[in-house]
Amino acid sequence: MKAVYPGSFDPLSNGHLDIIKRAAKMFDELHILVSYNMFKKSTFTIEERVEMIKLVTKDLKNVYVEESQDLVVNYCAKNNIGCIIRGLRNYQDYENEFSLFQYNHDINPNVETMLLFPSSKNQFISSSAIKELVSFGVDIKNYVPTELVEIITNRFKGLK
């Protein structure tokens, strides 16, 4: 069975990677779909985000990283994917994910949504918080994969 884990991943956090690794154990194929979000100004290009995710998932042989400007349910239909993986950290996430589920189910009732909770050490991590911390010079090594610390930190040098 195939699943997709969509998100903007700007940047990828340890919370995202936690969900990727756990979902990869549950499915034959896990597609990480780096999506455009018209409501967010991205720090990294979509190509940079794809490359960062490929870098930290290179040892996961059943994980495929792609980009898309399409609706996730349309991507699922085109790629014979039956499950969307979503991470759920808190009640605010729940409200957003519940609405997304309703729209996705209306558009394509053959695609299920599975919610995964991050491990307790990753529950509070968000890409927005990581960007804010690094912009103030805080070491982000506890919040992002080791391979990405320098890449992310360098993006923010000289921006203040």
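None of the values given here were measured: they were computed from a predicted structure.
- The backbone N or O of Glu48 sits nowhere less than 3.5 Å from a side-chain atom of Glu51 that would complete a donor-acceptor pair.
- Looking at Met114 and Ile85, their side chains come closer than 4.5 Å, going by heavy atoms from C-beta outward.
- Note: the hydrophobic cluster containing Leu116 does not contain Ile81 (ILVMFWY, side chain heavy atoms under 4.5 Å, direct or indirect links).
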For this session: Apply side chain to side chain contact (heavy atoms under 4.5 Å, CB included) to Asp28 and Asn62, showing your working.
Result: CA-CA 6 Å; Asp28 299 320; Asn62 64 330; 6.0 Å; no

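- For the residue pair Asp70 and Lys78, the shortest heavy atom distance occurs at OD2-NZ, 2.7 Å.
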Exercise. Are Leu148 and Met52 close enough, and set up right, to give a side chain to side chain contact (heavy atoms under 4.5 Å, CB included), and what steps lead you there?
Worked result: CA-CA 7 Å; Leu148 304 183; Met52 285 190 284; 3.6 Å; yes

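- Hydrophobic clustering (ILVMFWY, side-chain heavy atoms < 4.5 Å, transitive): Val56 and Val4 are in distinct clusters.
- Considering only heavy atoms from C-beta on, Ser135 comes within 4.5 Å of Phe156 through its side chain.
- Closest approach of Lys2 to Asn80, counting heavy atoms only: CD-O, 3.6 Å.
- Closest heavy-atom contact between Ile84 and Cys76: CG1-SG, 3.9 Å.
- Although no hydrogens or angles enter the test, the distance criterion places no donor-acceptor pair under 3.5 Å between the side chain of Ser127 and the main chain of Phe9.
- Criterion: ILVMFWY side-chain heavy atoms under 4.5 Å apart, direct or through other members. Under it, Leu88 and Phe101 are not part of a common hydrophobic cluster.
- Note: Tyr64 and His31 have tilted aromatic rings, judged against thresholds of 30 and 60 degrees for the angle between ring planes.
- In this structure, CG in Leu17 is found 11.0 Å from CZ in Arg22, a value given to the nearest 0.5 Å.
- Under the 4.5 Å side-chain criterion, counting only non-hydrogen atoms from C-beta, Glu66 is not in contact with Ile32.
- The minimum heavy-atom distance between Ser68 and Leu33, with the atom names listed, is CB-CD1, 3.4 Å.
- Asn14 contributes a side-chain N or O that, together with a main-chain N or O of Asn142, makes up a donor-acceptor pair within less than 3.5 Å.
- The local environment of CD in Glu132 is sparse, with at most 12 non-hydrogen atoms from other residues, nucleotides or ligands closer than 6.0 Å.
- Under the 4.5 Å side-chain heavy-atom criterion for ILVMFWY residues, no single connected hydrophobic cluster contains both Met1 and Val73.
- Atom OG of Ser35 and atom OH of Tyr75 lie 9.5 Å apart (nearest 0.5 Å).
- Heavy-atom minimum distance, His16 versus Tyr5: CD2-OH, 3.4 Å.
- Checked by atom type and distance alone, the side chain of Arg86 pairs as donor or acceptor with a backbone atom of Pro6 at under 3.5 Å.
- Rounding to the nearest 0.5 Å gives a distance of 13.0 Å between NZ of Lys25 and CG of Leu30.
- Shown here for Pro11 and Ile130, the closest heavy-atom pair between the two residues is CG-CG2, 4.1 Å.
- Here Ile151 contributes atom CD1 and Leu55 contributes atom CG; the two are 6.0 Å apart, rounded to the nearest 0.5 Å.
- For the atom pair CD1 of Ile152 and CD1 of Ile140, the computed distance is 4.5 Å after rounding to the nearest 0.5 Å.
- A distance-only check finds a donor-acceptor pair linking the side chain of Asp18 to the backbone of Ser119 [under 3.5 Å].
- Counting only distance, with no hydrogens or angles, the side chain of Asn104 and the backbone of Thr113 share no donor-acceptor pair below 3.5 Å.
- Other residues, nucleotides and ligands place more than 12 heavy atoms under 6.0 Å from the OH atom of Tyr36.
- A continuous path of Ile, Leu, Val, Met, Phe, Trp and Tyr side chains, each step under 4.5 Å between heavy atoms, connects Val149 with Phe44, placing both in one hydrophobic cluster.
- Atom-to-atom distance recorded for Gln69:CD and Asn74:CG is 13.0 Å, nearest 0.5 angstrom.
- Counting only heavy atoms from C-beta outward, the side chains of Val63 and Lys58 never approach each other to under 4.5 Å.
- Using a distance-only test at 3.5 Å, with no hydrogens or angles considered, a donor-acceptor pair links the side chain of Asp139 to the main chain of Lys141.
- With a 6.0 Å radius and a threshold of 12 heavy atoms from other residues, nucleotides or ligands, Glu150 has its CD atom at or below the threshold.
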For this session: Go through Leu12 and Arg49 one step at a time and tell me if the side chain to side chain contact (heavy atoms under 4.5 Å, CB included) criterion holds.
Result: CA-CA 8 Å; Leu12 183 83; Arg49 289 178 272 153; over 6 Å; no

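- Two residues are said to be in side-chain contact when any heavy atoms from C-beta on lie closer than 4.5 Å; Thr43 and Arg155 meet this criterion.
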